[in-house]
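Before any comments, here is the structure.
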Amino acid sequence: MIAVGIDLGTTNSVCAIMNENKTIKYIQFDYQNILPSCLYDDGKNKNIGKKAKQRGMMKLEYYIASTKRHMEDGEYRYHVGNKEYSAEDVEGIAEPFDGDVDWNNIKKG
């Protein structure tokens, strides 16, 4: 059996796979084991992780970070451009990764 573990952190997230032999492999995001927990959505580009953080620092109106702080608050909404997101919406966005995950470079931990 293979198990996948994802830790969605307030600032950074990490993902790992454990195989039948209990060998743990970390999934690399832009050649790093951690992925910044943020979203960038300008209506044309939707990015997560490092690319989202880089773009978001230039255009804060399209940037969301630290959503974990509002996970329990069903009323809280982020307004990005003309879109509205709950914290759960942001945490649930996994596609498109837009190159953030290098699936060919899964590294043993």
Side-chain angles (χ1 to χ4, degrees):
M1 180 164 108
I2 296 176
V4 176
I6 301 171
D7 177 11
L8 297 173
T10 302
T11 306
N12 292 295
S13 297
V14 66
C15 183
I17 299 171
M18 184 171 60
N19 65 18
E20 305 85 22
N21 300 325
K22 297 191 178 182
T23 302
I24 297 173
K25 297 180 180 183
Y26 293 95
I27 295 177
Q28 297 265 301
F29 302 93
D30 288 334
Y31 304 102
Q32 297 179 352
N33 288 345
I34 60 171
L35 174 74
S37 301
C38 52
L39 169 71
Y40 175 87
D41 185 358
D42 66 4
K44 293 180 183 177
N45 301 293
K46 187 180 290 185
N47 303 104
I48 61 170
K50 186 178 176 183
K51 191 177 283 188
K53 190 172 184 178
Q54 290 169 339
R55 289 184 173 182
M57 293 294 107
M58 301 300 288
K59 295 184 178 181
L60 290 173
E61 66 271 23
Y62 301 118
Y63 180 66
I64 300 174
S66 302
T67 58
K68 190 173 178 181
R69 295 176 188 180
H70 299 288
M71 288 297 282
E72 301 290 323
D73 183 356
E75 303 287 320
Y76 192 87
R77 296 290 181 264
Y78 294 93
H79 298 277
V80 178
N82 61 355
K83 294 182 183 174
E84 184 177 283
Y85 293 98
S86 69
E88 290 81 4
D89 292 335
V90 175
E91 293 296 339
I93 293 173
E95 293 290 333
F97 270 88
D98 200 319
D100 284 331
V101 177
D102 182 0
W103 294 105
N104 297 314
N105 190 21
I106 296 177
K107 195 175 183 183
K108 285 186 180 182

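Throughout, numbering of the chain's residues begins at 1 and tracks the sequence.
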If you define the side chain from C-beta out and look only at heavy atoms, does anything of Tyr85 sit under 4.5 Å from Leu39? yes

Looking only at non-hydrogen atoms, find the nearest pair between Lys50 and Pro36 and report the distance. N-CD, 3.6 Å

Describe, in one word, how the ring planes of Tyr78 and His70 are oriented to each other, choosing from parallel (under 30°), tilted (30 to 60°) and perpendicular (over 60°). perpendicular

Measure the spacing between SG of Cys38 and CD of Gln54 and express it to the nearest 0.5 Å. 9.5 Å

Hey, does Val4 have a side-chain heavy atom less than 4.5 Å from the side chain of Cys15? yes

What's the spacing between Met58 CE and Lys53 NZ if we round to 0.5 Å? 15.0 Å

Can you confirm whether Arg77 is buried at CZ, in the sense that more than 12 heavy atoms of other residues, nucleotides or ligands lie under 6.0 Å from that atom? yes

Out of curiosity, Ile34 CD1 to Ile27 CD1, how far, rounded to the nearest 0.5 Å? 15.0 Å

If I compare all heavy atoms of Thr10 with all of Lys68, which pair ends up nearest, and what's the gap? OG1-CD, 3.5 Å

Is there a side-chain contact between Lys59 and Tyr40, using heavy atoms and a 4.5 Å cut-off? yes

Hphob cluster co-occupancy, Ile24 + Val14, side-chain heavy atoms under 4.5 angstrom: yes

Show the numbers, then the answer: is there a side chain to side chain contact (heavy atoms under 4.5 Å, CB included) between Tyr63 and Met57? CA-CA 8 Å; Tyr63 180 66; Met57 293 294 107; 3.4 Å; yes

Compare every heavy atom of Lys51 with every heavy atom of Asn47, then report the nearest pair and how far apart it is. ND2-CD, 3.3 Å

Would a distance-only check, ignoring hydrogens and angles, find a side-chain to backbone donor-acceptor pair under 3.5 Å from Asn21 to Thr23? no

For the hydrophobic clusters of this structure (ILVMFWY residues joined by side-chain heavy atoms under 4.5 Å, transitively), does one cluster hold both Ile64 and Tyr62? yes

Give me the atom names and distance for the closest heavy-atom approach of Leu35 to Gly49. CD1-CA, 3.2 Å

Ignoring hydrogens, what is the shortest heavy-atom contact between Ser13 and Ser37? Give both atom names and the distance. OG-OG, 2.7 Å

State whether the number of non-hydrogen atoms from other residues, nucleotides or ligands found under 6.0 Å of Glu20 atom CD is greater than 12. yes

